[in-house]
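Remember, predicted model here, so these are calculated numbers, not experimental data. Heads up: numbering here begins at 1 and tracks the sequence.
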Amino acid sequence: MYKTRTYTNITNENRRKIQELLNDNSNISIMGIAEELEIEYSTIYREIKRGTNADGYYDADYAQKKYDEGHKRKGRPKRQLDENTELYKYLKQKIVDEKMSPGSTLAKIKADSLEFDDPIPSKPKLYRMIREGDFE
């Protein structure tokens, strides 16, 4: 019987074993692979879906590459605004150079009806951006 609900990541060794099982025994089921590796069958299903290349075959190296790419994208972006945008330059000038408070800066944007390509951050988000070093 396969393990249930353990929520573990598939290792590269597991990926190689899945590829070996699929290549050696074309009649093996996802449940059979799950029982062999003692991993939840839905995890095996997702892994095979992720690791199937354009030719329609499961490839452990391809699956590992896709996993690594997804792992790199995980989490928040390092910077909320691109340094090259007009909004970033305006905020940096007002907050860092002119020493205006973030609240006053946002109020000035609203009062002057300034428009930018990027969405204007909320006051809490602007403070978080400052804390995280976005304007250094």
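- R15 places a side-chain N or O within donor-acceptor distance of the main-chain N or O of I10, the cut-off being under 3.5 Å.
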List, one per line, each side-chain donor-acceptor pair under 3.5 Å for residues 105-115, sequence neighbours excluded.
residue	atom	partner	partner atom	Å
T105	OG1	S101	O	2.9
K108	NZ	D112	OD2	3.0

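- Judged as a ring pair (Phe, Tyr, Trp, His ring centres under 6.0 Å), and not counting sequence neighbours, the contacts of Y67 are H71.
- Of all non-hydrogen atoms in P121 and L87, the two that sit nearest each other are CD-CD2, 4.0 Å.
- Considering CD1 of I33 and OG1 of T43, their distance stands at 12.5 Å, rounded to 0.5 Å.
- Distance check: L126 CG to L91 CG gives 5.5 Å after rounding to the nearest 0.5 Å.
- Here OG1 of T85 is found 11.5 Å from NZ of K92. Values are rounded to the nearest 0.5 Å.
- Few gaps surround CG on D24; more than 12 heavy atoms of other groups in view lie less than 6.0 Å from it.
- Shown here for A63 and R50, the closest heavy-atom pair between the two residues is O-CD, 3.8 Å.
- Counted within 6.0 Å of OH on Y127, heavy atoms from surrounding residues, nucleotides or ligands total more than 12; the atom is thus considered enclosed.
- The structure places CD1 of I39 at 4.5 Å from CD1 of I44, a figure rounded to the nearest 0.5 Å.
- Hydrophobic cluster membership is shared by M31 and L37, with clusters built from Ile, Leu, Val, Met, Phe, Trp and Tyr side chains linked at under 4.5 angstrom.
- Taking the charged nitrogens against the carboxylate oxygens, R16 and E13 have no contact shorter than 4.0 Å, which rules out a salt bridge.
- The shortest distance between side-chain heavy atoms of D61 and K65 does not fall below 4.5 Å.
- Between L21 and I28, the shortest heavy-atom contact is O-CG2, 3.8 Å.
- Atoms NZ and OH, from K49 and Y58 in turn, are 14.5 Å apart once rounded to the nearest 0.5 Å.
- F135 and Y88 have parallel rings, their planes meeting at less than 30° on a 0 to 90° scale where 60° marks the start of perpendicular.
- For the atom pair K125 NZ and I120 CD1, the distance stands at 12.0 Å (nearest 0.5 Å).
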